[in-house]
Q: 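Below: one structure in structure tokens.
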Amino acid sequence: MAENFFECVYAVVRRIPPGKVATYKLIADILDTRDARRVGHALHANPDGSRTPCHRVVFSDGRLAPGYAFGGPNGQRRKLELEGVTFIDGNVDLSTHLWQPT
DNA sequence: CAAGTGACAATAA
DNA sequence: TTTATTGCCACTT
């Protein structure tokens, strides 16, 4: 385990393959915690997206972050679509693209 | 040190 | 089904 919780979050997020998405709750569960908020804070504290694809992390409902994330509410959706993720009514199709820890 | 805030989630109304 | 409230835990002021 990483010394910092944030590092651990980044590591998990980087583990998500293209075309897949993870939820804050899922990552929290992997890190043996129940606080999804911590995960969210970690991604927000993330230095830059080049290192950690935060755009692959969504709400448990398949909803994206409040909007001001990633330089545009549409930005994330476009990125995910480019990776092969499908959207339903503006939400990520978790039933199809939810990443499962191996 | 205490209170407030927040890229969340679950439950109640 | 949507909206409101509560809980969890860390970070900031």
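Here the structure is a predicted model, which means the values were calculated and not measured. Throughout, protein chains are lettered first and strands after them, A, B, ... in sequence-line order, and every chain is numbered starting at 1.
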Q: Can you check whether A:R56 reaches A:K79 side chain to side chain, under 4.5 Å on heavy atoms?
A: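 Sidechains of A:K79 and A:R56: no contact.
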Q: DNA chain C: A:R34 or A:H41, which has the more 5' nearest nucleotide?
A: A:R34
Q: Rounded to whole Å, how long is the line connecting atom CZ of A:F59 with atom P of B:dA7?
A: 9 Å
Q: State, to 0.1 Å, how close A:Q76 and A:V58 come at their nearest heavy-atom pair, and which atoms those are.
A: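 Looking at all heavy atoms of both residues, the closest pair is NE2-CG1, 4.1 Å.
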Q: Start at the 5' end of DNA chain B and walk down; is the nucleotide closest to A:R38 or to A:D61 reached first?
A: A:R38
Q: Do you know which two heavy atoms are closest between A:A42 and A:Y10, and how far apart they sit?
A: O-OH, 2.9 Å
Q: Rounded to the nearest Å, what distance is computed from the CG atom of residue A:D32 to the P atom of nucleotide C:dC9?
A: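 To the nearest whole Å, that distance equals 11 Å.
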Q: What is the distance, to the nearest angstrom, from the CG atom on A:L94 to the C1' atom on B:dC8?
A: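 Rounded to the whole Å, the gap is 14 Å.
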Q: Select one nucleotide: of B:dA7, B:dA9, C:dC9, the one nearest the side-chain heavy atoms of A:D35.
A: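 Comparing B:dA7, B:dA9, C:dC9 against the side chain of A:D35, the answer is C:dC9.
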Q: Find the distance A:L31:CG to C:dC8:C1' and express it as a whole number of Å.
A: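 Value for this atom pair: 15 Å.
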Q: Determine the sole option in A:L94, A:V12, A:T23 for which the side chain to side chain contact (heavy atoms under 4.5 Å, CB included) test with A:W99 is passed.
A: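 Running side chain to side chain contact (heavy atoms under 4.5 Å, CB included) over A:L94, A:V12, A:T23 with A:W99 returns exactly one hit, A:V12.
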Q: Do A:R37 side-chain and C:dG7 base share a donor-acceptor contact under 3.5 Å?
A: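 Present.
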Q: Distance check: side-chain N/O of A:S60 vs OP1/OP2 of B:dC8, anything under 4.0 Å?
A: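 No, because none of the side-chain N or O atoms of A:S60 sits under 4.0 Å from OP1 or OP2 of B:dC8.
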Q: Send over the distance from A:E7 CD to C:dA10 C1', rounded to a whole Å.
A: 16 Å
Q: Would you mind reading off the distance between A:D89 atom CG and C:dT2 atom C1', rounded to a whole angstrom?
A: 13 Å
Q: Between A:T33 and C:dC9, is there a side-chain N or O to OP1/OP2 distance below 4.0 Å?
A: no
Q: If I compare all heavy atoms of A:A22 with all of A:I16, which pair ends up nearest, and what's the gap?
A: CB-CD1, 3.4 Å
Q: Identify which nucleotide among B:dA10, B:dA7, C:dC9 has an atom closest to any side-chain atom of A:H44, counting heavy atoms from C-beta outward.
A: B:dA7
Q: Out of C:dC11, B:dA9, B:dA7, which nucleotide sits closest to the side chain of A:K25?
A: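 My answer, after comparing the listed nucleotides, is B:dA9.
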